[in-house]
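Below is one structure, written out as structure tokens; comments come after it.
Values below: every heavy atom of this structure, side chains too, minus hydrogens, waters and symmetry copies.
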Amino acid sequence: MDKFYHSVRLDEDLCMGCINCIKRCPTQAIRVRNKKAQINSKFCIDCGECIRVCPHHAKHAIYDTMEDLKQFEYTVALPAPSLYSQFNNLDDVNIVLNALLLMGFDDVFEVSAAAELVSEATREYLSKNPDKLPVISTACPSVVRLIRVRFPNLIPNLLPLNPPVEVAAILAVRRAMEKTGLPREKIGIIFISPCPSKVTYARAPLGTDHSEVDKVLAIKDVYPRLLSCMKAVGEEPPEIGTSGKIGVSWGRSGGEASGLFTEDYLAADGIENVIRVLEDMEDQKFTNLKFVELNACNGGCVGGVLTVENPYVAEVKLKRLRKYMPVARSHMESEGEELVRWTSMVQYEPVFHLGDTMMESFARMNQVERLLKKFPGLDCGSCGAPTCKALAEDIVRGEASESDCIYFLRDNVHKLTKEVARLAADIEEGDGDSYSKFRAMTSYIVRISDEMNQLDRKEGRNQNDDKGTD
């Protein structure tokens with residue numbers, strides 16, 4: 001299993017080399033080199049922010065299609081709670097669930113039902129582990145991956161429970177095998193996802209050795225097919241839903257925390273806000289908190305890049321839908337703890353370290369500080385890195401050069417030009433060895449020409465960027 005597997009990919013043919021993505025990437029995982037973006041797999045957390053901001057649609061998510069489901073004899077759909085928020089005037093989740101059966105699925109298991117089990121297990125964990133507060137939710141894979149590479153001190157605060165999608169997948173497999181008698185490999189567990197982060201989880205999960213999710217479909221692909229099937233369901237669909245307010249609420253920011261029946265929680269959404277909260281947690285600025293819910297997407301899962309509805313409108317729809325639902329309809333069985341608990345702990349991945357040892361890291365940090373004094377500190381992105389500090393770190397790692405900075409390059413050209421003028425004056429006055437000075441002057445002129453060519457290429461790219469963002 002590739003621990004740095006990613007579902008967010010780059011299409012170089014569509015990439016124009018603009019800097020929209022490098023400025024918005026929360027982990028500075030993207031660089032522009034040779035007029036094309038490059039994604040560092042060790043830094044990327046699959047939050048999908050680059051997909052959201054790329055004006056050329058060069059970033060996209062990898063996920064499965066309905067055709068991939070044909071390899072299974074029996075398929076079970078796992079609809080995310082955020083799926084319900086995509087439809088207008090929906091007042092009964094059973095309409096969506098029965099429409100999934102009409103689409104061709106053999107069975108449906110609500111992720112929101114599994115979410116209620118996770119909420120119950122979380123309440124129990126909080127009561128039994130007061131020394132580990134505040135506990136950080138592990139429902140968003142991007143947040144867990146962010147903590148794994150950037151906030152190692154907070155790893156002990158992670159809630160060691162499987163996300164609802166995994167719990168739903170485990171229960172769906174058991175039910176399908178009991179119902180059909182088929183072997184596991186002939187049963188397909190299909191998650192309908194709002195974001196690429198969940199795709200990555202299914203391929204390379206954290207907290208468990210492998211995921212029971214076999215395939216992942218995007219909500220935006222399922223949506224048009226589901227609409228037509230929903231029309232055929234009828235006004236009084238069969239009752240197959242097994243979740244209540246608590247489970248359905250997980251689709252929006254604050255929904256998970258609301259199911260814990262405590263006011264001592266913090267809920268933040270949007271990856272930039274999440275990072276600020278985690279930084280403050282590391283600095284121990286929060287007191288008397290029991291639970292911290294963090295979602296990489298604005299609005300929570302309803303804001304995922306694989307959805308179709310505006311996240312704020314979707315949040316309103318979800319609130320209306322849950323209004324007349326019972327509080328909860330799924331409860332933990334006696335063997336439920338084994339379903340919910342992690343089987344392996346998250347390990348720190350020091351991908352941002354500048355050196356292999358502490359001494360080497362300190363030495364390279366000093367190099368970074370010296371380089372920063374040479375750079376203008378504008379964080380313009382013209383070098384292909386998001387900030388001057390990021391460029392300095394790339395140089396120290398051997399992945400860039402000082403001449404990548406357009407301002408450093410200009411200053412160098414000016415210095416060389418002055419030196420050429422001084423040598424020319426010395427030759428004209430017959431001062432010293434004219435031949436050696438002529439050779440030096442020729443060398444300077446060649447360097448000026450090379451650096452002017454670099455400058456022209458960088459400025460040409462920046463002009464193209466301006467056209468692409470108008």
Side-chain angles (χ1 to χ4, degrees), residues 3 27 45 114-168 170 197 201 204-209 211 246-247 249-250 253-269 271 273-296 300-301 328 330-352:
K3 64 182 176 181
T27 57
I45 59 172
E116 294 182 351
L117 304 183
V118 177
S119 291
E120 189 174 330
T122 303
R123 293 194 294 269
E124 184 177 353
Y125 182 85
L126 292 177
S127 65
K128 291 182 177 180
N129 297 274
D131 58 316
K132 296 183 179 180
L133 304 180
V135 171
I136 303 172
S137 166
T138 51
C140 178
S142 287
V143 172
V144 178
R145 290 175 182 275
L146 175 65
I147 293 172
R148 178 183 65 156
V149 298
R150 187 167 166 181
F151 298 96
N153 294 332
L154 297 179
I155 289 178
N157 294 85
L158 289 173
L159 179 67
L161 302 181
N162 287 326
V165 61
E166 188 62 33
V167 177
I170 295 171
S197 178
Y201 172 85
L206 294 175
T208 185
D209 296 329
S211 175
I246 289 178
S249 295
W250 275 63
S253 177
E256 178 185 1
S258 66
L260 302 181
F261 308 137
T262 177
E263 295 181 355
D264 301 327
Y265 73 86
L266 179 153
D269 57 286
I271 192 63
N273 296 326
V274 165
I275 290 174
R276 283 199 291 269
V277 168
L278 291 173
E279 288 173 344
D280 287 345
M281 284 189 70
E282 270 202 326
D283 294 337
Q284 298 182 346
K285 291 185 178 180
F286 300 126
T287 59
N288 301 322
L289 280 181
K290 290 183 178 180
F291 189 75
V292 177
E293 178 192 332
L294 302 174
N295 290 282
C301 291
S330 296
H331 302 281
M332 192 80 72
E333 301 292 339
S334 57
E335 76 281 3
E337 188 172 340
E338 67 177 88
L339 303 176
V340 178
R341 282 276 183 177
W342 274 357
T343 56
S344 60
M345 298 303 294
V346 171
Q347 300 297 320
Y348 173 45
E349 297 291 343
V351 298
F352 289 103

(message) Donor-acceptor check, side chain of R123 to backbone of G259, threshold 3.5 angstrom: yes or no?
(response) yes

(request) Return yes if some donor-acceptor pair links the side-chain N/O of W342 with the main-chain N/O of L161 below 3.5 Å, else return no. (result) yes

(message) On a heavy-atom basis, which atom in L260 and which in L126 lie closest, and how many Å separate them?
(response) CD1-CD1, 4.1 Å

(request) Working to the nearest 0.5 Å, report the span between CD of E256 and OG1 of T138. (result) 7.5 Å

(message) Among residues at least two apart in sequence or on other chains, which ones pass salt bridge (charged side-chain N to carboxylate O under 4.0 Å, His left out) with R150?
(response) E279

(request) Might you point out which heavy atoms bring S258 and S249 nearest each other, and give the distance in Å? (result) OG-CB, 4.3 Å

(message) So, taking the atom named NE2 in H331 and the one named OG in S119, what distance separates them when rounded to the nearest 0.5 Å?
(response) 11.5 Å

(request) Decide side-chain contact (heavy atoms from CB on, under 4.5 Å) for I136 and I147; before the verdict, give the C-alpha distance in whole Å, the side-chain angles of both, and the deciding distance to 0.1 Å. (result) CA-CA 10 Å; I136 303 172; I147 293 172; 4.1 Å; yes

(message) Contact between P141 and L206 at the side-chain level, heavy atoms closer than 4.5 Å - yes or no?
(response) no

(message) Is the shortest side-chain heavy-atom distance between N162 and T208 below 4.5 Å?
(response) yes

(message) Going by salt bridge (charged side-chain N to carboxylate O under 4.0 Å, His left out), name the residues that satisfy it together with D280, two or more places apart in sequence or in a different chain.
(response) K285

(request) Evaluate the side-chain proximity of L146 to I271: yes if any heavy-atom separation is below 4.5 Å, no if none is. (result) yes

(request) Please name all residues satisfying salt bridge (charged side-chain N to carboxylate O under 4.0 Å, His left out) with E124, sequence neighbours left out, ordered by chain then number. (result) K128

(request) Could you tell me whether a side-chain N or O of E116 sits under 3.5 Å from a main-chain N or O of S330, the two making a donor and an acceptor? (result) yes

(request) Work out which heavy atom in A296 is nearest to a heavy atom in V143; give both atom names and the distance. (result) N-CG2, 4.1 Å

(request) Drop me the distance from S137's OG to Y265's OH, to the nearest 0.5 angstrom. (result) 13.0 Å

(request) Report yes if some heavy atom in the side chain of K132 is under 4.5 Å from a heavy atom in the side chain of P156; otherwise report no. (result) no

(message) Are V144 and Y201 packed together at the side-chain level, in the sense that at least one heavy-atom pair is separated by less than 4.5 angstrom?
(response) no

(request) Decide if atom CG of N288 counts as having more than 12 heavy atoms of other residues, nucleotides or ligands within a radius under 6.0 Å. (result) no

(message) Taking the side chain as everything from C-beta on, heavy atoms only, tell me whether V292 gets closer than 4.5 Å to F286.
(response) no

(message) Using a 3.5 Å distance criterion without hydrogens, assess whether the side chain of N157 forms a donor-acceptor pair with backbone atoms of P134.
(response) yes

(message) Is there a side-chain contact between L278 and L154 in this structure, where contact means two heavy atoms from C-beta onward sitting under 4.5 Å apart?
(response) yes

(message) Given 3.5 Å as the limit, does a donor-acceptor pair link the side chain of S197 with the main chain of S142, or not?
(response) yes

(message) Under the criterion side-chain contact (heavy atoms from CB on, under 4.5 Å), I'd like the reasoning laid out for F151 against L158: C-alpha separation, chi angles, the key distance, then a yes or no.
(response) CA-CA 11 Å; F151 298 96; L158 289 173; over 6 Å; no

(message) I want to check something: taking the side chain as every heavy atom from C-beta on, are V340 and V167 in contact at a cut-off of under 4.5 Å?
(response) yes

(message) If I take atom OH from residue Y125 and atom CZ from residue R341, how far apart are they, to the nearest 0.5 angstrom?
(response) 6.5 Å

(request) Verify the distance criterion only: is there a donor paired with an acceptor across the side chains of E293 and S253 at less than 3.5 Å? (result) no

(message) With rounding to the nearest 0.5 angstrom, report the CE to CG distance, M281 to L294.
(response) 7.5 Å

(message) I need the minimum non-hydrogen distance between A267 and G254, along with the two atoms involved.
(response) CB-CA, 3.9 Å

(message) Please give me the minimum heavy-atom distance between T122 and F291, naming the atom from each residue.
(response) CG2-CE1, 3.9 Å

(request) Hey, could you give me the CG/SG distance between N295 and C301, rounded to the nearest 0.5 Å? (result) 5.5 Å

